[in-house]
Amino acid sequence: MPLYKAPRGTQDILPSEQPYWRFITQKAEALCQLYGYKRIDTPVFEETRLFSRSIGEGTDIVEKEMYTFTDQGKTMITLRPEGTAPVCRAYLEHGLHNAPQPVRVYYLTSIFRYERPQSGRYRQHQQFGCEALGVADPALDAEIIDLVWQFYISVGLRDLTLHLNSIGCPDCRPNYLQALKHHYSQQTGVLCQDCKVRLERNPLRLLDCKNPSCQEIIHSAPKITDFLCEQCAEHFQQVKEYLQDIDIPFTLNPYLVRGLDYYARTVFEVQPGRLTDVGQPTLSQQSTIGGGGRYDLLIEELGGNATPAVGFATGLERIILNLKKQNIVVPPIPEPMVYVAYTGEEGKHDAVKIAAVLRRAGIGAILSMGKRSLKAQLKQANVLGASQAIIIGEDEQRRGMIVLRDLIEGKQREVPYEGIAEAVLPPIDSYQRSAIS
RNA sequence: GUGGGCGUAGCCCAGUGGUCUAAGGCGCCAGGUUGUGGCCCUGGAGAUCGAGGGUUCAAAUCCCUCCGCUCACCCCA
């Protein structure tokens, strides 16, 4: 029983897991470059009021999931529970409205939420997100959705479903909410406890209920897409058309709502698995690997000028979870190719020097440590995946030579001490080339 | 916050009251003659059997409490 353990809901990402992380983060960054999104990093913590204002006072995140504390200067601080609000804050703080619009940025960062951990859910998790601020063009919605979708494709995930909806704007949503409330008020008898609360506090969330008895009410409920104002309907129509232009397969889901208050118009979510029943959510939301939408009012809410924006975020742990479920293999992280072994104390000085010479020549080298038998050293070279071993033996040393052993072919030859880097290079090159192709 | 499952070495796990001073596999370390890997063989290190309390002549094994892990609900990525 170890004395110390990683806090609940957190995890160590050990070297053996790193290939997954490197793989997906490299894919993400390559894609962002392709779409012209630039990296932004914001602080791990912000003033609490930024999040309570943006995410919404009544949301679960703000009510019970934030890591909040008062610092020595009596400031209320919160560990970032989502990525959009800090980006908006930075946009305002640094006058990014003066940059060419839209401002396209992405982040790869830790997110903190105090929740009960379960499969694919952690108190600290990593998100990859993109935000495009300053433009209301529906083509930008399509661009953002295309970007996430291409991201999933580029990491190799299959069988995903893109759920798409529009939740309108402050002009048209009240009409819908009224109709929704009216629909529900006639059936309060069969409502679950949660939905009774939702009816009062956050009616949109009624559509989110998984309770079987509430499902029927949901399916007979009015659809928000029938209540959109002219502008919202037109915007949504164009988003759909642009997505069709670029062959992004989406599933219209009029019951899709999102958990943060700042969304307006376009909302979307990506879930693993295909739907059997079109338009009907069959998977629990917990399996969602990514989501996002428009938040045209958020920046104004935070004190800026009216600035439309759209973005997405996706959970990296959940992506890795699905990569493993789908048996997708990721490329290994290359090991240093040369293992430097030696016998005796005199040999060790040359070993230290040769390892340094190789590294300075750009050749990865692992230096054997401690006093171990040659057998043990070569065994380790093998386990570490080195393609070549340099053996500094006392006999050869006296003649100014060292042994260069090819661990893949099992052949070795003597080469002069001087110019060892040149001797090593060619076989390494060919090996690496074959490993890449 | 609610409910289910589970807690034996770094990992996988056997063992359900005395023969357990806890077995096996992987991994680690060392040997298999004198300076050479991948296979094989041998040996070694590594476990207060999650913690505390109780029942019993006797507990890894039964009971209680706590802690932790895990899965699901809620909600979110």
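So that the names make sense, note that chain A is the first sequence line, chain B the second, and so on, each numbered from 1.
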Provide the Watson-Crick or G-U wobble partner of [N], both distances under 3.5 Å; none if there is no partner.
N: C20(B); value: none
N: G31(B); value: C41(B)
N: U55(B); value: none
N: C11(B); value: G25(B)
N: G68(B); value: C6(B)
N: C73(B); value: G1(B)

When you compare [N] with [M], how far apart are their [atom1] atoms, in angstrom units rounded to a whole number?
N: G46(B); M: A23(B); atom1: P; result: 13 Å
N: U55(B); M: G4(B); atom1: P; result: 28 Å
N: C41(B); M: G25(B); atom1: P; result: 10 Å
N: C66(B); M: G24(B); atom1: P; result: 37 Å
N: A72(B); M: U19(B); atom1: P; result: 41 Å
N: C40(B); M: G7(B); atom1: P; result: 32 Å
N: G17(B); M: C63(B); atom1: P; result: 12 Å
N: G54(B); M: G44(B); atom1: P; result: 38 Å

Any donor-acceptor N or O pair under 3.5 Å, side chains T288(A), E269(A):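 Yes, side-chain donor-acceptor contact under 3.5 Å.
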Regarding [X], tell me which of base, sugar-phosphate or nothing describes its non-hydrogen contacts under 4.0 Å with the strands shown.
X: R258(A); answer: sugar-phosphate
X: G290(A); answer: sugar-phosphate
X: G344(A); answer: nothing
X: Y122(A); answer: base
X: R205(A); answer: sugar-phosphate
X: E82(A); answer: nothing
X: A389(A); answer: nothing
X: L260(A); answer: sugar-phosphate

Give a yes or no on whether a donor-acceptor pair under 3.5 Å exists between the nucleobase atoms of [N], that is its base, and the side chain of [X].
X: K375(A); N: G32(B); answer: yes
X: R8(A); N: G68(B); answer: no
X: Q377(A); N: U36(B); answer: no
X: E396(A); N: G35(B); answer: yes

Can you tell me the distance, in whole Å, between the [atom1] atom of [X] and the [atom2] atom of [N]?
X: K64(A); N: U2(B); atom1: NZ; atom2: P; result: 12 Å
X: I289(A); N: A77(B); atom1: CD1; atom2: C1'; result: 9 Å
X: D12(A); N: G10(B); atom1: CG; atom2: C1'; result: 13 Å
X: Q412(A); N: G38(B); atom1: CD; atom2: C1'; result: 15 Å
X: R116(A); N: G4(B); atom1: CZ; atom2: P; result: 12 Å
X: Y342(A); N: U36(B); atom1: OH; atom2: C1'; result: 15 Å
X: K348(A); N: G35(B); atom1: NZ; atom2: P; result: 18 Å
X: M66(A); N: A77(B); atom1: CE; atom2: P; result: 15 Å

Ring centroid separation F128(A) to F312(A) under 6.0 Å: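 Between F128(A) and F312(A), the centre distance is under 6.0 Å.
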Name the closest nucleotide to the [X] side chain, picking from [options].
X: L378(A); options: A77(B), U36(B), G38(B); result: U36(B)
X: Q380(A); options: A77(B), C28(B), C29(B); result: C29(B)
X: K379(A); options: G35(B), G1(B), G37(B); result: G37(B)
X: R405(A); options: G37(B), G35(B), C73(B); result: G37(B)

L96(A) to V103(A) - nearest heavy-atom pair and separation: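 Here L96(A) and V103(A) meet closest at O-CG2, 3.5 Å.
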If you compare every side-chain N and O of [X] against the phosphate oxygens of [N] (OP1, OP2), does one of them come in below 4.0 Å?
X: Q118(A); N: U70(B); value: no
X: S119(A); N: C71(B); value: yes
X: R372(A); N: C29(B); value: yes

Q33(A), CD atom: more than 12 neighbouring heavy atoms under 6.0 Å: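 Not more than 12 within 6.0 Å, no.
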Atom CD of E346(A) with >12 non-hydrogen neighbours under 6.0 angstrom: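 More than 12 heavy atoms, drawn from other residues, nucleotides or ligands, come within 6.0 Å of this atom.
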Residue closer to the 5' end of RNA chain B, E409(A) versus A376(A) (nearest nucleotide):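 By nearest-heavy-atom nucleotide position, the 5'-most residue is A376(A).
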5'-most by nearest nucleotide on RNA chain B - P7(A) or Q127(A):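 Looking at the nearest nucleotide for each, P7(A) comes out on the 5' side.
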E143(A) with R104(A): basic N within carboxylate O range, under 4.0 Å: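 Yes, charged N to carboxylate O under 4.0 Å.
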Distance, nearest 0.5 Å, that separates CD of Q397(A) from CG of D350(A):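 With rounding to 0.5 Å, CD (Q397(A)) is 4.5 Å from CG (D350(A)).
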Candidate pair F45(A) and Y67(A), rule ring-ring contact (aromatic ring centres under 6.0 Å, His included), full reasoning: CA-CA 9 Å; F45(A) 55 84; Y67(A) 276 94; over 10 Å; no
Ring-face cation contact, Y20(A) with K324(A), 6.0 Å cut, 45° max: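 Yes, a cation-pi geometry holds between K324(A) and Y20(A).
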